[in-house]
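Beneath this line is the structure, given in structure tokens, with notes to follow.
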Amino acid sequence: MMLGIKLPISVLTIQAMVTQPLKPILNHVISSGAYHAYANQTLKGEIATGAHMDPWPNYTTLTTAYYIKHQAEALSEMLPCLRGVKFMRHWAGLADMTPDMAPILDGNDPIEGYYMDCGWGYFGFKSCAATGKYMAEFMATGICPDMLKPFGLRRYEQHRLMGETAALMSYSPDN
Amino acid sequence: MALTLTCPICGKRNGYEFRFGGEEKGPRPDEGGLTPARWFDYVHLNECKAGVQKEWWFHRDGCGAWFTVYRDTTTNLEVEKPEAP
Amino acid sequence: MDRLSQLPTQRTDPEKSISLTFDGKRCRGVPGDTIATALFANDVRIFSRSIKYHRPRGLYSLDGECSNTCMRVNGIPNVNAENTPLQAGMTIGAQNVKGSAENDYLGFMDKLDFAMPAGFYYRTMHKPARIWPIALKQVRKAAGLGVIAPDFQMPGKFDEIYPQTDVCIIGGGPAGMSAALAAAEHELRVILVEKRPWLGGFFDYRTADYHDGVALYQRARELAEKIARHPNIRTFTHTAVVGTYNNNLITAFQKGAASDHFTERYIEIRAQSVVVATGCIERPLLFENNERPGVMQIGCAHRLARTYGLLPGEQAVFSIGHDLGLEAALDLFDLGLKIPCIADIREDGQNPQLLKALAERHIPVLKGWVAAHAHGAKTLNKVTLSTISGTLQKDYACNLLVASAGMTPQTGPLSLAQAELEYDNHTGFFIPHKLPHKMHAAGRMLGLNDAHAIEASGRLAGILSSADCGASVDSLLKEARGALDRLPGAERGCKLVTAPVSGRKTFICFDEDTTIKNVKQALAMGFDATELIKRFSAAGTGPGQGGIPGHNLALLVAQYHGDSNALARPTTVRVPLAPVYIATYAGANHDMCKRTPAHDSQKKAGGVMRRIGVWRRARYFSQDFSCQQEIENVRNNVGIIDASSLGKFRIWGPNALDALQRVYVGDMSKVAEGRIKYSAMCNDDGCIIDDGVVVKRAEDDYYLTTSTARAGATVEWFRYHSRYDGWRFNMVNLTDAFGVINLAGPNARKVLEKVTDADVSNEAFPYAGYREFSIKNTVPIRSMRLGFVGELSFELHVPASYMQAVWDLLVEAGQEFGLRNFGLEAQNVLRMEKCHLIIGSESEQRTTLHDVGLGFLWDPHKTEAKTVGAVALKQTKEQAGRLKLVGFKMENPLRAPKDGSIIVDTTVKGYVCIARYSFTLKAPIGLALVDASLAKEGSRLQIYEDECQGQHIYATVTATPFYDPEGKRLRM
């Protein structure tokens, strides 16, 4: 706002929840496009699930009654044994979503010395080490590394949308 | 959140009956002379206001009307049209 | 053990008996017992072992604030025995023990606490890195409470209801009941929610005087009866509120009584105004071994006796900080409990009448003293009391220590609703100082202790709620405020957080075995904010979700900083306020789907149905999932498929054409009479979102089809993109009004000719034509000649009520030609051989019309129409470096790669959209989206399949379509 730069971002509230901790039962992350659900078991034994976003932006970090019920219904079908397990905690955070589910990593355009590393939505945690390394290189040399070139802000104008190249679910903010 | 919205035809309903249609940005620009930057601005750029914004909603599980409301994004509640400054 | 009987407060029926099994032994309880009280009656004192140190745990709060009494019941793990009513035949076992709860072989872990300081698992077990996978396995096995088997089936029936109300009252104690009655006076609908099986709250079990010889419990029952008689008040007991969302949406779950049709049910209440009167839990007193079985809170000890008829011990010491503790001591003494001593944290301020009564019974009260150390290897046998300063100590033998630091308000529902709480120095409570719109708080949670004041505050809140709903209450309001002002206000609360001890075995959180020593370790490492300590030490992150640490952690941290007012904030409260079964949240969970009008006959014919979006459709018609026979039958003969889920719409009006031009990329003014026009819809990025055909049935009157997946969004899309134009057109969704039958194969015409007199010859009805005629001179149908599967085919749109009849006619007519069903998988392979697109399969979010080779559908000249996607299509027409749709054939002649396999060279270059062995072409083929550099015919593709262990497979880009490139078969 202060620099007169707008971003193609929508800030949605993303929700997740955990059950009470159990002895080991799930050894993988299980995910289903049809049920719009995923589940995995944390180190402490809780079954973690969630990743829904109401499609309208808000900054409340509040959860919704609608979603915890919806997730219970999905898990009831996907992993019926979990029906006897209790939900323990449901929380929400903010996810900055871009139109193509890929982050914006850019710099020196349009303003020299101004860098952007945003739009990670709900999947930035895994890449933070790599992003940090390449952004540091970018900022130190002023030259955009090849790895980061596809993530520039101008890609939308140029119709070069990204996507999650190695994950082949049809993702959209509506999921 | 327990969002409710007031549809101009059906009245106040549960927010989940509706589909969100984005910030109010005015009518589509003409194609003639449209630069990529202006196109990008209309299609993708958002103000991302933390406060009251005017936006479009569609009554999907009801009458099928598109309409605008004012919503405060910091409380996620529909509000009355704000006074002109 | 013997039960006290004939108590007027008891909620159990000691005359009858219910049998249960615990740890293999038969036991008996009585109706009204919870599982915990029944076990207690059978002399069980150790219910479980704690998660880290395997310390013995027993009854503490009697309200399920922690996981002390989480047990395995009838195969279900983590059942909270304190909150769960006893039912006949229950089989109960302890969790997380090797051996029994009484004798756990892992009890030695308690001595290893030095090796497990706060956050130890973040800092050990991963140096060197290679030990982590081993450590990981052990950590997982040690963590977690309760076992669930992968084939476990949850018993019981679950339901859901969505009542609306004017006023919702959370909490059925005296304040809540008073609020309900006050609101009901104004003819408003009132819902009252109470988590215990009965109304009454803190009055329910107490014989202390209310007024004029009426005891508190009698007053409670009197109020409850008034409530039951009032027609405007709907009461839900045994119902715990778990969520209070903004805009006054309340969620709760109810445990069903034996007579109810549900085991548990989910309740979602929309209220205009809400009163929160949830009262208090007790503030745990912190001292060494504060969680030994035999240590109980006041309410637990008092209610065991008064509600359940069980004397909580034989010889008891009390260490309390509130008059409720003195009152309980008197009552329990009179019921037979021996009390050598009461330690009261307060130097002064006790109710003089209570002190007098205690003196009369020769019970010594030590003011300014507190419990410092509980002794006993597994259960309590002695307690060391200490002055607050820690200088003097006294020991007492006992098997019950009633320990409580005071009260803590249950502010959960307020916090969730975004109320702002502030620490109040006088009460020691977090008091709401800013409440959300149309929400009010009342009762003990505001610091009140006087019975009449509690009721008056409830009444006031009820009147305020009524005002929110439009009742006129001005004079009543004034009166109620005045009445409350004349009664005793909020009482001074207890400030003590911990006794003067080192804290090595002083547990601030029972669920996670977090001690005061651990908290000090965390503080020393720089974690000096409550939220950080919570996460680092795990305090409050267990099944109790902060029920025991409660506000203690925040107050301890404030003490550390020396400023309780500014810094004390409880940690963030989140839904659910009490744990809820996934089965309960799922509720009735009806499997809802749409069926086509010919669904049953599909199944009867052997259709293997699958869920496709919201529909159930036949995917295969045999157990051969390669569908060879179905496919060959269509290519060589004739097949029939039910395509009723196809989207169908009528659009008409003076501006119908303008609307079509806006959303379709083609020039829709060129829809010729008697012909279909195939076109596509794109979004503003030029990415294809739907395809379908349009026909013109009359002037300004069109009929169009869409894909099944997009049907529900079509009207929305048209209206969205025309919302500023003020056009006059109407749309109606006819998807469910017409069934669709596709007859496909070289003999399709022969079958159709048998059921209609219309001329369906190739001259009269050519490819891409549209005709309306009737079947058997009765059923009016609309028909199109399309080519999705690449053979002669007739798509028949049949009014839904005639669908089954027409289906049956065609099946009968087709007998002589060997007509067979084909399903979605067969159709999938057939259309793949023609390289016909299925959106979402051969396209992803970023695939434009040009990328899939359909750029020719776009008419670049109709710029006045401002077609959605036109600008992007113009700008990307010649764009390099995009993924393009290609056809490929495998080098290995036997096998097709899995759908979704990645195409690689040094990086990912694309992916396989679909690949199958083609019986028609006798080769494995497929479609892929690849980088333009690989899209030329003859390019070699290197395919990486999931888990291929580095063994890539190879394909060659071929010309498309694979089958009948000239389209002769379509035009037969």
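The structure displayed is predicted, hence computed values, not measured ones. So you know, we letter chains A, B, ... as the sequences are listed, proteins then strands, and number each from 1.
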Could you tell me which portion of C/Gln95 (side chain, backbone, both or neither) has an atom closer than 4.5 angstrom to a non-hydrogen atom of chain A?
neither
Is a side-chain donor-acceptor pair under 3.5 Å present for A/Glu137 with A/Thr141?
no
Please look at C/Val242 and chain A and tell me whether the side chain, the backbone, both or neither of the residue comes under 4.5 angstrom of a heavy atom of that chain.
neither
Considering only heavy atoms, which portion of C/Ile76 lies under 4.5 Å from any heavy atom of chain A: side chain, backbone, both, or neither?
side chain
Chain A shares the most heavy-atom pairs under 4.5 Å, among C/Met154, C/Gln418, C/Arg574, with C/Arg574
Which of the residues C/Val580, C/Val147, C/Ile612, C/Thr907 is involved in the greatest number of heavy-atom pairs with chain A at under 4.5 angstrom?
C/Val580
Would you tell me whether A/Tyr114 and A/Glu112 have side-chain atoms, one donor and one acceptor, within less than 3.5 Å of each other?
no
Sequence neighbours left out, what passes side-chain hydrogen bond (donor to acceptor under 3.5 Å, both in side chains) with C/Thr541? Give chain and number order.
A/Lys44
Hey, are A/Asp106 and A/Tyr115 close enough side-chain-wise for a donor-acceptor pair under 3.5 Å?
no
Distance in Å, C/Tyr581 OH paired with A/Ser76 OG, rounded so as to fall on 0.5 Å steps
13.5 Å
Less than 6.0 angstrom separating the ring centers of C/Phe158 and C/Tyr266, yes or no?
no
Residue A/Gln71 versus chain C: region with a heavy atom under 4.5 Å:
neither
Indicate whether the side chain of C/Gln879 and that of A/His159 have a donor and an acceptor atom separated by less than 3.5 Å.
no
So which of A/His70, A/Met88, A/His90 has the biggest tally of heavy-atom pairs under 4.5 Å with chain C?
A/Met88
Counting only non-hydrogen atoms closer than 4.5 Å, does C/Cys70 touch chain A with its backbone (N, CA, C, O), its side chain (CB onward), both, or neither?
neither
Go through A/Asp100 and A/Arg155 one step at a time and tell me if the salt bridge (Lys or Arg N to Asp or Glu O under 4.0 Å) criterion holds.
CA-CA 10 Å; A/Asp100 61 350; A/Arg155 69 178 186 270; 2.9 Å; yes
Quick check on C/Thr572 against chain A: is it the side chain, the backbone, both or neither that has a heavy atom closer than 4.5 Å?
both
Within this structure, what is the NZ-OH distance for the pair A/Lys86 and C/Tyr585, rounded to the nearest 0.5 Å?
12.5 Å
Part of residues 16-29 of chain A lying next to chain C, heavy-atom separation under 4.5 Å
A/Thr19, A/Gln20, A/Pro21, A/Leu22, A/Lys23, A/Pro24, A/Ile25, A/Leu26, A/Asn27
Which one wins on heavy-atom pair count under 4.5 Å against chain A: C/Ile51, C/Thr251, C/Ile148?
C/Ile148
Quick one: which of C/Ile250, C/Leu249, C/Ile161 gives a side chain to side chain contact (heavy atoms under 4.5 Å, CB included) with C/Glu268?
C/Leu249
Do the charged groups of C/Asp931 and C/Arg882 touch, with an N to O distance under 4.0 Å?
no
One option among C/Ser67, C/Pro150, C/Gly243 has the most heavy-atom pairs under 4.5 Å with chain A, and it is C/Pro150
Validation row: C/Asn248, C/Arg270 side chains within 4.5 angstrom (heavy atoms):
no
Assert top hit (heavy-atom pairs under 4.5 Å, partner chain A, pool C/Ala880, C/Gly881, C/Ala578) equals C/Ala880
Please flag which part of C/Gln153 lies under 4.5 Å from any non-hydrogen atom of chain A: side chain, backbone, both or neither.
neither
